[in-house]
Participant: 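To start, I am sharing the structure in question, which I have written as C-alpha cells.
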Amino acid sequence: MSTEATNPVSAAEANGPEAPSRRRARPRIDLRRLGRAALLGPTTRDRLPDAIGHVAEAHRAHHPDADLAVLRRAYVLAESSHRGQFRKSGEPYITHPLAVTLILAELGAETTTLTASLLHDTVEDTEVTLDQVREQFGDEVAYLVDGVTKLEKVDYGAAAEPETFRKMLVATGNDVRVMSIKLADRLHNMRTLGVMRPEKQVRIAKVTRDVLIPLAERLGVQALKSELEDLVFAILHPEEYENTRALIAENTGAGDALAAIADHVSAALREADIAAEVLVRPRHFVSVHRVRLKRGDLRGSDFGRLLVLVAEDADCYAVLGELHTCFTPVISEFKDFIAAPKFNLYQSLHTAVAAPDGAVAEVLIRTHQMHKVAEAGVVALGNPYVPQDGVTEPAEDGERADPTRPGWLSRLLDWQQATPDPDTFWTSLRADLAEDQEITVFRADGGTLGLPAGASCVDAAYAQHGEAAHACLGARVNGRLATLSTVLNDGDTVQLLLAQDSASGPSPAWLEHARTPAARIAITAWLQAHPEAAKAPSADPRPPASVTADRRSGARLLADLPGAQSAAVRPAGCCTPVPPDEITGFQVRGGSVTVHRTGCTAVETMKRLGRQPLTVHWGDTAECRVTLVAESFGRPRLLADLTEVIAAAGVAVVSATVEPPSEQRVRHTYTLQLPDAAGLPALMRAMRDVAGVYDVSRARRPASQES
C-alpha cells in the first residue's frame with residue numbers, strides 16, 4: 001500500500017482529529033480469535049471464502065496443484081485484522097489486498113507470493129505483528145511482508161529519503177518478489193486514484209512515471225508496465241490521452257486488417273507444417289500514441305501487432321524463415337532477443353512484414369514460456385529459493401542468492417554497496433532509471449554484458465571485473481586494439497586488457513568516459529583514496545566575484561577572479577555546460593573566462609598547459625543553450641519526428657545539422673534554446689523515445705587550445 005494513495009482509516013478514526021499513525025502501542029492479539037470472527041460469514045470451514053474464490057481460480061490456472069489452504073488462512077487473517085478500515089473510496093479496506101493478490105495471481109505468481117500479498121499491509125496498518133506472521137505462515141512469508149512493509153515507508157519523491165530508498169532496494173534485490181508485490185500494489189492504487197485531489201493525482205503519477213514504471217521495465221513485468229503507463233498518461237497528459245482514446249474509438253474495425261494478415265500467416269505456417277498459434281495483440285494507449293507520433297496518419301495494421309507462439313526455440317527461427325519467404329520483410333525492423341536476451345530477461349524475435357496491399361504488420365515470435373516471462377517477468381519465475389526437492393537451503397554466507405535475478409538488479413546491488421553517500425546513490429539510481437536504451441556486448445570469454453547505450457570500454461571493464469578494472473590498460477573491440485574511451489555498439493565483442501600488477505589505477509579522465517554508475521562510483525572511490533593521482537593546482541582564496549550573463553546560454557555565470565578586474569565569462573563550446581552541471585573555468589587571452597563541465601577532456605588539456613583552474617558557479621538561471629547529438633538509424637520522417645518532439649517540449653531550435661548516413665546510421669546535431677535547464681533530462685528522454693534513435697547525448701566537440 002502506498003500511504004499517499006490509499007491511507008486506510010478505521011471507522012472510528014475517519015472523522016477524528018488524531019491521525020492513524022498515532023494509535024496506541026499494539027497489544028498482542030489472539031490470531032485464532034480473529035480467525036473465528038472472520039469465518040462468521042457465508043463460508044464454511046471446508047471451502048474458501050467467496051471473496052477469495054476468484055484469486056484461487058486464477059492461481060490454479062497457472063499452478064493446478066497449488067495448495068490453497070494457506071491462502072484461506074491468509075485471507076481470514078487479513079480480512080479480520082483490516083475489518084473496520086476503509087479506503088478513501090469508501091470500500092472496505094480488504095478489497096485492496098484482494099485486488100493486489102488477484103493481479104499477481106493472474107500473472108502466475110506462486111503461492112508464497114500470493115500469501116504475502118494478502119498480508120502485505122497487516123503489519124503496517126493493523127495490530128498484527130511480524131512475529132505473528134512468521135509463527136503462522138513461516139519465514140518466507142514473513143520475509144516478504146517485512147520487505148513490503150519497509151517499502152510502505154518510502155516516499156519515492158522525497159529527496160530526504162535516499163537512504164531509506166537504498167535500504168528498500170537492498171531488500172528488493174535480495175528477493176525480487178518484494179518489488180513484484182509493490183508494483184501490483186501501485187497498479188491497484190493507480191486504478192483507484194480518482195478519489196484523490198487533482199494535485200495529488202499528478203504528484204503520485206509523476207513518481208510512478210519516474211521510479212515505478214522504470215523498475216517494472218527492468219524487472220520485465222510488461223503487463224504491469226503497460227497499464228501503469230496508460231494510467232499515468234491519462235493523468236499527466238489528459239488532452240493527448242483523450243485524442244488517443246478518440247482515435248482508437250474511431251478505428252474499431254482496425255483489427256480486421258491485422259486479422260486478415262494473421263489468416264495469411266496461419267495458412268503459410270500450416271502449409272510449412274509448423275505448429276503455431278497466431279494472435280492479434282492490440283496496442284495499449286501509450287503505444288498507439290507513440291506510433292502516431294512516429295508515423296503520422298495510422299493505418300489499420302498500426303493499431304496492433306501479431307504474436308506467434310510456438311513450442312521450441314528452434315520453431316521461432318522456422319517461423320521467421322517462413323515469414324521472410326512468403327512475405328516482404330522490413331529488414332530494419334528485425335531484432336533477435338532470443339540469441340541475445342534483453343537485460344530484463346525478455347526473449348523474442350521481432351520482425352515486420354508487408355502484405356500484398358502494402359500494409360505493414362509488426363510480428364513478435366516467441367515460445368509459450370518466453371511469452372509468460374515477457375508478460376510477467378520476475379513474477380513468473382516462482383520461488384527462486386526452493387530447489388527442485390522442495391527444501392529451502394540458505395547460501396553458505398547466509399545471504400539469499402537469487403539465481404533468477406535480472407542482471408540490472410545484480411549490478412544495482414554491486415554499486416550500491418560501493419556508494420557510502422546515499423545522495424550519490426540516489427542520483428545515480430535516478431540517472432540509471434532514466435536510461436531506456438540498453439545494448440548487449442559479448443565478452444571474449446563467451447559471456448555477455450548489458451550496458452546502457454553510449455557505454456564505453458571503461459563501463460565494460462567495471463561491469464566485468466569490478467574493482468579489478470582499476471588495472472585496465474586498454475581493450476580489443478571486435479579483435480582490434482581500442483582505447484578505453486571507445487564507445488561500444490550493440491553486438492560488439494570486447495576483451496579487456498588488465499595489467500598484471502595492481503599498482504596502477506584509473507585517472508580522472510576515465511570519469512569523462514564512464515556512463516554507468518558502477519564505473520563512476522568505483523573510479524571516484526579510488527581517486528578519493530589516492531588523492532595524489534587526482535591532485536590539481538589549488539585555487540587562491542575566494543576573491544571578489546566577476547558576474548556576467550552569457551548571451552548565448554541565458555544563464556548567469558559567476559567566476560572568482562584574482563583581484564577586482566571584471567571579465568566576460570562564457571561557456572565553452574566543446575562541452576556546452578548548462579545548470580546544474582559541475583563546472584570549472586580558465587582565464588584565456590584577453591582576460592575572458594571560459595567555463596567547462598568538470599569532466600570535459602579540455603580541462604585536463606588546459607591543466608597540462610599550465611593554466612590555473614578558477615572557481616566558477618551558477619547564479620540565477622533563466623534560459624540556457626545546449627547542443628545535443630542524436631544517433632539514430634536512418635528512416636523516412638526521422639528529422640520531422642525529432643523536431644516535433646523538440647517543439648512539443650517548448651524548446652527553440654537555433655541550428656540543426658544532419659550528417660550523411662553511414663552504414664544506415666545518421667547523426668543529427670541540434671543547438672537548442674531551453675526555457676529552463678531543468679527540462680533538459682526530460683527532453684533527452686523524449687528524443688530517445690523517437691523510433692530509430694538509439695542515443696542522445698550532450699555535444700563533446702574536440703576543443704582547440706584556447707589562448
Side-chain angles (χ1 to χ4, degrees), residues 424 427-428 431 452 454-459 483-487 506-517 519-521 523-524 526-528 533-539 546 548 550 552-561 567-590 592-619 621 624-631 667 669-672 674 677 680-681 684 695-707:
T424 301
T427 302
S428 300
S456 67
C457 290
V458 171
D459 299 299
T483 63
L484 289 176
S485 62
T486 301
V487 175
S507 73
W510 286 22
L511 289 172
E512 173 67 18
H513 312 299
R515 183 73 175 270
T516 60
R520 297 189 64 83
I521 289 168
I523 295 168
T524 301
W526 191 92
L527 293 175
Q528 290 174 344
K535 188 175 297 182
S538 59
S546 171
T548 186
D550 180 72
R552 293 171 299 165
S553 72
R556 293 179 67 240
L557 287 163
L558 292 83
D560 295 336
L561 302 178
V569 184
R570 58 182 175 82
C574 56
C575 56
T576 58
V578 298
D581 290 341
E582 294 183 3
I583 51 177
T584 189
F586 295 92
Q587 198 160 14
V588 295
R589 182 176 297 174
S592 63
V593 175
T594 57
V595 177
H596 298 261
R597 291 156 63 189
T598 54
C600 179
T601 54
V603 171
E604 291 300 315
T605 301
M606 298 291 280
K607 289 179 180 178
R608 286 196 299 268
L609 292 173
R611 301 294 174 85
Q612 295 292 323
L614 300 174
T615 300
V616 292
H617 51 281
W618 297 107
T621 61
C624 71
R625 182 171 293 190
V626 65
T627 300
L628 299 180
V629 177
E631 306 278 356
R667 174 180 298 204
T669 303
Y670 299 91
T671 299
L672 307 173
L674 279 71
L680 181 59
M684 294 176 70
D695 190 36
V696 176
S697 60
R698 300 271 294 279
R700 291 190 176 117
R701 298 195 304 274
S704 59
Q705 294 183 357
E706 297 169 349
S707 58

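Throughout, residue positions are numbered sequentially from 1 according to the sequence presented. When reading the values below, keep in mind they use all heavy atoms of this one structure, side chains included, and skip hydrogens, waters and symmetry mates. Small disclaimer: the values here were computed from a predicted structure and weren't measured.
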Participant: Taking only residues two or more places apart in sequence or in another chain, which ones pass side chain to side chain contact (heavy atoms under 4.5 Å, CB included) with Thr669?
Facilitator: Thr627, Val629, Thr657, Arg667
Participant: Quick one: are Val458 and Thr516 in side-chain contact, heavy atoms under 4.5 Å?
Facilitator: no
Participant: Are any non-hydrogen side-chain atoms of Val626 and Leu680 less than 4.5 angstrom apart?
Facilitator: yes
Participant: Looking at CD1 of Ile583 and CG of Leu614, how far apart are the two atoms once the value is rounded to the nearest 0.5 Å?
Facilitator: 11.5 Å
Participant: Just how far is it from atom OG of Ser507 to atom CG of Leu484, taken to the nearest 0.5 Å?
Facilitator: 9.0 Å
Participant: Sequence neighbours excluded, which residues qualify as side chain to side chain donor-acceptor pair (under 3.5 Å) partners of Thr598?
Facilitator: none
Participant: Just how far is it from atom CZ of Arg515 to atom OG of Ser697, taken to the nearest 0.5 Å?
Facilitator: 7.0 Å
Participant: Just jot down the side chain to side chain donor-acceptor pair (under 3.5 Å) partners of Ser456, sequence neighbours excluded, or say none.
Facilitator: Asp459
Participant: Is the closest side-chain heavy-atom distance between Leu511 and Leu527 below 4.5 Å?
Facilitator: yes
Participant: For the pair Trp510 and Arg520, evaluate side chain to side chain contact (heavy atoms under 4.5 Å, CB included) and give the outcome as yes or no after the intermediate values.
Facilitator: CA-CA 8 Å; Trp510 286 22; Arg520 297 189 64 83; over 6 Å; no
Participant: Output all residues satisfying side chain to side chain contact (heavy atoms under 4.5 Å, CB included) with Gln528, sequence neighbours left out; order by chain, then residue number.
Facilitator: Thr524
Participant: Let me confirm one number: the SG-NE2 distance from Cys457 to His513, rounded to the nearest 0.5 Å.
Facilitator: 10.5 Å
Participant: Could you give the distance from CE (Met606) to NE2 (His596), rounded to the nearest 0.5 Å?
Facilitator: 5.5 Å
Participant: Should Met684 and Leu628 be marked as a side chain to side chain contact (heavy atoms under 4.5 Å, CB included) after you check the CA-CA gap, both sets of side-chain angles, and the distance that decides it?
Facilitator: CA-CA 8 Å; Met684 294 176 70; Leu628 299 180; 4.1 Å; yes
